[in-house]
Trainee: 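Starting off with a structure, shown below.
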Amino acid sequence: MPHQVRAHRFEGEVAIVTAATLGIGYAIAERLGLEGASVVICSRKKQNVEEAVASLKKAGVKNVVGIECQISNGDDQKRLIDFTLEKFGKITILVNNHGINPAFGDMMDLEDRTWDKLFETNVKSGWQLTKLVVPHMQKHGSGNILFNASIGGYVPPAMIATYAVTKTAVLGLTKALAKELSKYRIRVNAIAPGVIKTKMSKALWESGEQGLAEAQEISMGRLGVPEDCAGAVAFLVS
């Protein structure tokens with residue numbers, strides 16, 4: 001649990017964590033912050049950002065600020081980068097945690113605009129943010145970039161197949177960037193969670209967590225929680 005964190009791996013580091021007011025993003029921001037990083041969080045709604053920043057500070061994160069940001073908007077992306085540099089002077093970690101799933105149903109029934117929205121948010125915006133932060137990581141001499149993909153990127157679930165396709169693309173993007181950016185001492189990794197107990201996945205697990213865990217052959221007999229993801233991310237960007 002967060003109050004048990006005693007490591008100090010990220011002192012002097014500056015991390016951006018997108019979509020970090022709830023769930024996995026919030027847990028990642030908390031973990032990095034409790035290990036010493038200065039953290040910038042963002043989300044679409046200003047009130048949610050303000051509440052999350054206050055909650056993170058209450059949890060013991062010393063250096064955390066937040067900004068309202070529509071992650072697929074180019075101007076907002078630049079504002080996020082400028083805001084981070086203004087507050088902390090550098091960027092050494094980027095966690096592309098954001099992702100949406102506005103469609104539930106047969107893939108053949110999906111409208112073009114929904115397809116475009118999924119790819120713009122889940123794939124393109126992470127690539128755009130990476131382009132914006134890489135020059136600053138180059139100045140620093142190193143950096144870490146992490147994408148939140150999904151187990152669906154390997155085995156697309158029924159009813160959310162297009163979401164899964166975007167996560168397959170995220171896995172490919174991660175591998176391509178890892179190779180391309182290694183010459184700058186910038187490492188690129190991804191996590192691929194299964195069903196994690198968050199608000200976004202509540203419809204899947206609220207009617208029977210145990211049964212879902214068994215159906216997915218999870219040996220521990222429980223679904224993952226956001227803190228599980230945060231621990232993995234902290235390792236990968238350390």
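Below, each value reflects all heavy atoms present in this structure, side chains not excepted, and no hydrogens, waters or symmetry copies.
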Trainee: Per the salt bridge (Lys or Arg N to Asp or Glu O under 4.0 Å) rule, what does the pair list look like for residues 78-87, sequence neighbours excluded?
Mentor: Asp76-Arg79
Trainee: Rounded at 0.5 Å granularity, tell me how far OG1 in Thr121 sits from CG in Asn73.
Mentor: 11.0 Å
Trainee: Going through the checks in order, is the side-chain contact (heavy atoms from CB on, under 4.5 Å) test met by Ile81 and Ile16?
Mentor: CA-CA 9 Å; Ile81 302 305; Ile16 294 174; 3.9 Å; yes
Trainee: With rounding to the nearest 0.5 angstrom, report the OG to CD1 distance, Ser142 to Ile93.
Mentor: 9.5 Å
Trainee: In Å and rounded to the nearest 0.5 Å, what is the CD1 to CD1 distance from Ile145 to Ile186?
Mentor: 5.5 Å
Trainee: Which pairs count as side-chain hydrogen bond (donor to acceptor under 3.5 Å, both in side chains) when at least one residue sits in residues 177-188, sequence neighbours excluded?
Mentor: Asn144-Arg187
Trainee: Tell me, which pairs form a salt bridge (Lys or Arg N to Asp or Glu O under 4.0 Å) where one or both residues lie in residues 111-132, sequence neighbours left out?
Mentor: Glu111-Arg113
Trainee: To the nearest 0.5 angstrom, please state how far the CG atom of Asn148 sits from the CD1 atom of Ile191.
Mentor: 4.0 Å
Trainee: Going by the ring pair (Phe, Tyr, Trp, His ring centres under 6.0 Å) test, which pairs reach into residues 130-153, not counting sequence neighbours?
Mentor: none
Trainee: Closest heavy-atom contact between Ile196 and Pro193?
Mentor: CG1-CB, 3.7 Å
Trainee: Answer yes if Tyr154 and Met107 sit in the same cluster of Ile, Leu, Val, Met, Phe, Trp and Tyr residues linked by side chain heavy atoms under 4.5 Å apart, and no otherwise.
Mentor: no
Trainee: I need the minimum non-hydrogen distance between Arg9 and Ala234, along with the two atoms involved.
Mentor: NH2-CB, 3.5 Å
Trainee: Over all heavy atoms of both residues, which pair between Met137 and Ile91 is shortest? Give the atoms and the distance, please.
Mentor: CG-O, 3.5 Å
Trainee: If you measure from OG1 on Thr174 to NZ on Lys167, what distance do you get to the nearest 0.5 Å?
Mentor: 9.5 Å
Trainee: As an exercise, state the distance from CG of Leu85 to CG of Leu80, rounded to the nearest 0.5 Å.
Mentor: 9.5 Å
Trainee: Suppose the criterion is ring pair (Phe, Tyr, Trp, His ring centres under 6.0 Å): which pairs have a residue in residues 108-128, not counting sequence neighbours?
Mentor: Trp115-Phe119
Trainee: Within a strict 4.5 Å, meaning less than it, do heavy atoms of the Thr92 and Phe10 side chains meet?
Mentor: no
Trainee: Return all side-chain donor-acceptor pairs below 3.5 angstrom for residues 43-71, not counting sequence neighbours, or 'none' if the list is empty.
Mentor:
residue, atom, partner, partner atom, Å
Gln47, NE2, Glu51, OE2, 3.0
Ser55, OG, Tyr26, OH, 2.6

Trainee: Would a 4.5 Å heavy-atom cut-off, applied to side chains only, mark Val237 and Leu32 as touching?
Mentor: yes
Trainee: So which atom in Asn101 and which in Tyr163 form the shortest heavy-atom distance, rounded to 0.1 Å?
Mentor: OD1-CB, 3.4 Å
Trainee: Determine the minimum heavy-atom distance between His98 and Gly126, stating which atoms define it.
Mentor: NE2-N, 3.7 Å
Trainee: Verify the cluster assignment for Leu236 and Val39: are they in a single hydrophobic cluster under the rule of side-chain heavy atoms below 4.5 Å apart?
Mentor: yes
Trainee: May I ask whether Ile151 and Leu173 are part of the same hydrophobic cluster, defined by side-chain heavy atoms of I, L, V, M, F, W, Y residues being less than 4.5 angstrom apart, directly or through others?
Mentor: no
Trainee: Between Val123 and Leu132, is there shared hydrophobic-cluster membership here, with clusters defined by ILVMFWY side-chain heavy atoms closer than 4.5 Å?
Mentor: yes
Trainee: Kindly indicate whether the side chain of Asn97, heavy atoms from C-beta on, has any atom under 4.5 Å from the side chain of Ile24.
Mentor: yes
Trainee: Under 4.5 Å between side-chain heavy atoms, hopping through other hydrophobics if needed: is there a path connecting Val155 to Leu171?
Mentor: yes
Trainee: Nearest heavy-atom pair of Ala230 and Ala27: which atoms, and what distance?
Mentor: CB-O, 3.4 Å
Trainee: With distance as the sole test, does Asn96 use its side chain to make a donor-acceptor pair with the main-chain N or O of Thr18 at under 3.5 Å?
Mentor: no
